[in-house]
Structures are given as C-alpha cells and as structure tokens.
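What follows is a set of notes on a single structure, which appears directly below.
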2 protein chains.
Amino acid sequence: MAEQQQPAKKQRTHPPYELLYHPGIPGRGEFVRLAFEVAGVPYADIANEDKDGGGYSTVQEICMNKNTTSDDGTNPPIFSPPALRVPGAGRDGKAVVISQTPNILSYLGGRLGLVPEEGEEGRFYVQQIALTALDLNDEVHDTHHPIAVMKYYEEQKEEALKKAEDVRENRIPKYLSYFERQLQWNREVGKGKFLVGDKITYADTTVWQVLDGISFAFPNEIEMRRKEFKELFQFYDDLKEEKGIKEYLASERRLPYSMGIFRHYPELDRQ
Amino acid sequence: MAEQQQPAKKQRTHPPYELLYHPGIPGRGEFVRLAFEVAGVPYADIANEDKDGGGYSTVQEICMNKNTTSDDGTNPPIFSPPALRVPGAGRDGKAVVISQTPNILSYLGGRLGLVPEEGEEGRFYVQQIALTALDLNDEVHDTHHPIAVMKYYEEQKEEALKKAEDVRENRIPKYLSYFERQLQWNREVGKGKFLVGDKITYADTTVWQVLDGISFAFPNEIEMRRKEFKELFQFYDDLKEEKGIKEYLASERRLPYSMGIFRHYPELDRQ
C-alpha cells in the first residue's frame, strides 16, 4: 500500500483501514474520508495514494467486477464503490470488505468515536440523518443526470433543466428545513454546533459535505437559502473550523469538485 | 391503538411496535411489514388499522410536520415516513421514534432474529444488500417520476419513457446480476434460499419485495430477465412459500400495488 499522509493524532490502536473508491473526485468516498479525518484516524485512500502503483486496479478488482466475491470468497460481491477494507478484522485473520456509504459510516461510527456514547437511540438518530443527507446527495446528482447515468450531461440537458428547477425549488428547501430543525432539536446540548449530542458525529460531517457540495453546484440558489436557514449555515461555516476538518480542507487530500456528483453548470442554478 | 391482526407465533417478548406510514399502499412501509411478518412478531400498522380512528392523523403528527421534534421533544424530527415507534424503549420509559427504511431494518434486525447470529460482519453484509435493493426501489420509482415527485406522471411522461428504458435495459440487469452473485456467494450455506447465512434475513425480504415490485411494474421485462437470472428468480419464487411470508401474502394485510412506488404503466415496459 502507498505511504499514508493522514494525521495520526490519536494513538494507533486501529487496523490499517483502506478506502476503496474512484480516484480524482470527492464523490461518495468523501463521506468516509471526512469521518476518518475528523477522528484523526489514519486510512489509506487506495486509488488516490497509489496512482502509479495500480491503486485503482485494486479498487476495480475488489469492487467493480462480475465475480461472486469481492476477494477470495471471504467477502460477498460489491455492487459499486465506495467500499471499506479492514485487514485482519474478519474470520481467521482475513479482511472484512463492506460497501454502501451509510453502511460504512455505521461500521466506523463507534470505532472512530463518531456516534453518541450513551443511549442506543443516538446511533439510530445519527444514521437516519446521514441516510437523509445521502438521499439529497443522490437527488442533486440526478439534476445533471435525470435520465441515464451512463450518458453525457449534454444528452439529457433539457431534462436536467427541469429536474434541477424542481430540486432547487422544492427538494433542497425541504431537506434544509429538516436539517435545521434537527439542529434546533439538539440546541440545548449541541449549542448549534452538532446535530446529535454534544460531540461531533458522522451526521455532522455527512450533512456538512452535502451542504458544501450544493453550495458548489448551485451558488446562486444557496446564497439565497443561506438567509432562510441561518442556523444551519452557521453550523456549516463553524464546522470548517473544527479540529481535523480545518487541516483536512487545507490539505491536498481534499479533492476539488469536478465531474462527479456535485457539478457546477451555471444554467442549472437559479438565474 | 387499533386491534392487531398479525400472527403471534412467538412468545410475546416484544414491545408493541408501531409502523408509521401512509395508508393504502405497500410503499416503503412494506419492507418493514415483511420483516415483522416473516419473524412472526406483532406490530401495529397505525394508518391502515385505525382508518376511522385517526390513525393517519397520528402518522402525520409524528412524521409529516415542520416541528423540531417528532413527539414531545424526546425524539428528533422525521424527514418523511416510514418511521418506527417503539413505546417504552427510550429514556425514562418514553418511546423511541426512528425513521429511514434501512435504519428501521437495522434496528429490528437483531431484535427480530433477521440477521446472522454469529460474526459481526454478517450484519453489515445484510445491511449493504438491503441498502442496494432500496436503491433499486428508488430508481424504479423515478421511472414514472424522473423530473418532479410532486407533479403528475402525465406531466413527465415523455421523460419517463426515456428514464424507464435506461432503468430496464441497464440498471435492472446490473442490480439483478449483483443479487444473483450474492446468492451464489452464499450458495454453500444458503442453498440458494438465502442471501446471507443459513436463515432468512431482512436482506432476503427486502430483495424479494423489490423483485416483486419490478415484476408488477415491468411484467414483459421481468419475464425476459427471468431466463437470464434463473437462480435469483428461483429464490424469489421459493421465498413466497416461506413460513410467515406465505400467510402474509394470502392475508388482507398485504396491500395491492396501485399509485405508489411500483406502478404498471404498459408504455414504460418492454414493448
């Protein structure tokens, strides 16, 4: 594996986690990266760290094949990246390989200290918020690909204009209202800084990433929505300064948006 | 609460679970219903069982509001149904209310005996399969509503024709291939009857429901795909005979498809 450049703030009591995802874009891998980064726990971003050494080949071999296993039979097949590989965590010292972004976050939540420690229900609150943020993530993806994910944007631009209008005008405010009300529900313990409890969880990082992505995709729209959802965007601004996040955002590990889920097509934004 | 009509095969050691969902359609509530039914654990389907007594009003009060809580402050707001209410399971004897279909299934999995008992990784395998089936569920929904969920099908029929073609020709086979390979991965212990382990899990019921829904929505397409994915549709046919499922499918609790997620518009099917 490639040399790891992540911060190692905590004592290394973790397995050598591996993120398996496409290189060069934040994408759905970003939700997993943010969890590691805010926790200060090292991970190998296989495709990005080992560009010349075949990192992406490893991702493709494990996550993008037509096999009946993701490896040697130990783990089941993967529908699509991202996946998390945890060497030594499975039976007989083998690796565990799991996929689906919210599933990966659920697996890591307790291990990285990104769920409330007390009360089982807190874990389910965190997961339901993350799942909802990931639903918004998918809806925003569909603004530029409403018809077919394998076709070019230019081939579905007419439909994209209609879809983007609906997502901006109806769906985004519905989600933002929900996230803000969650913040308000937790205000007494979270002080407006956290969605669940009094410490950062992967609900915070996941909602933050979607807010960041839609701010990139629809700058005009979000500029207007900022006035409507002041508490939520205060949370968004504050989280950029959080330990772990601030250093990450300033690092080369934070990849720029380009042709992934969040794309800036000015014609799809509020005019 | 309304009288419960569900089978009570096992000793009642469960709380009085409540499913909060829209009345009259299978929808996303069906994934939760199937889990209870196959486990033989009673639950109250609030909106369907208490039609005259305001069951749906209860659902709306808890899950479809603009409040900063889903109840009295104990539980956070809900983005949309389905939700699960578990009286007495929260702090100080209060109820726990959680939402998001895969999150509800995760909560119920261990409690209803619908995840593998040994090995933590089995739970994550089950969840990743359920999440993937629910992704297909969403994609199929979008075949009749590719532009705007709040508009009529007739207003987006032209786009729906294009979307449905892509979902039928590219997405459905990709998902079916994955589910069949999962079945093959588990063949040695599951004997072609279960996706993970040697007992039924909520991965099985969730994949089954999506297969059932797409068979209703696209009968021509699925008739053809049956030949391509023989093992998967054998699993589908066999599961209808499983204890708990068979009785449920013959009962009045199993609602017919109509204007929900799975709709049969002949023009969207293979011609």
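Just so we're clear, the structure is a prediction, and the values are computed from it rather than from any experiment. Numbers restart at 1 for each chain; the letters A, B, ... are given by sequence-line order, proteins then strands.
Counting heavy atoms from C-beta on, the side chains of A:Gln100 and B:Asp135 come closer than 4.5 Å. In this structure, A:Gln127 and B:Ser106 have side chains that are not in contact, with every pair of non-hydrogen atoms separated by 4.5 Å or more. When side chains are defined from C-beta on, B:Asp138 does not count as touching A:Asp138, because their heavy atoms never get closer than 4.5 Å. Residues A:Arg181 and B:Asn65 are in side-chain contact: their nearest non-hydrogen atoms beyond the backbone lie under 4.5 Å apart.
Qualifying ring-ring contact (aromatic ring centres under 6.0 Å, His included) partners for B:Phe218, counting only residues two or more places apart in sequence or in other chains: none.
For the atom pair B:Lys66 NZ and A:Lys174 NZ, the distance stands at 7.0 Å (nearest 0.5 Å). Between B:Ser70 atom OG and A:Tyr125 atom OH the span is 7.0 Å, to the nearest 0.5 Å. Between A:Leu131 atom CG and B:Thr101 atom OG1 the span is 9.0 Å, to the nearest 0.5 Å.
Proximity to chain B at a heavy-atom threshold of 4.5 Å picks out A:Gln184, A:Trp185 from residues 183-206 of chain A, in numerical order. Scanning residues 117-124 of chain B against chain A with a 4.5 Å heavy-atom cutoff picks out B:Glu118, B:Gly119, B:Glu120, B:Glu121, B:Phe124, ordered by number. The interface of residues 146-170 of chain A with chain B, defined by heavy-atom distances below 4.5 Å, comprises A:Pro146, A:Ile147, A:Ala148, A:Val149, A:Glu159, A:Lys162, A:Lys163, A:Asp166.
When each of A:Thr68, A:Val86, A:Ile104, A:Asn103 is checked for heavy-atom pairs under 4.5 Å with chain B, A:Asn103 comes out on top.
Heavy atoms closer than 4.5 Å to chain B are found in both the backbone and the side chain of A:Thr69. Within the 4.5 angstrom heavy-atom criterion, atoms from both the backbone and the side chain of B:Ile78 approach chain A. With a 4.5 Å cut-off on non-hydrogen atoms, B:Thr132 touches chain A through its backbone and its side chain both.
Taking the six-membered ring where tryptophan is involved, the planes of A:Tyr175 and B:Phe79 are essentially parallel, since the angle between them stays under 30° and well short of 60°.
Side chain of A:Gln128 to main chain of B:Ser99: a donor-acceptor pair is present (N/O by atom type, distance under 3.5 Å, no hydrogens or angles).
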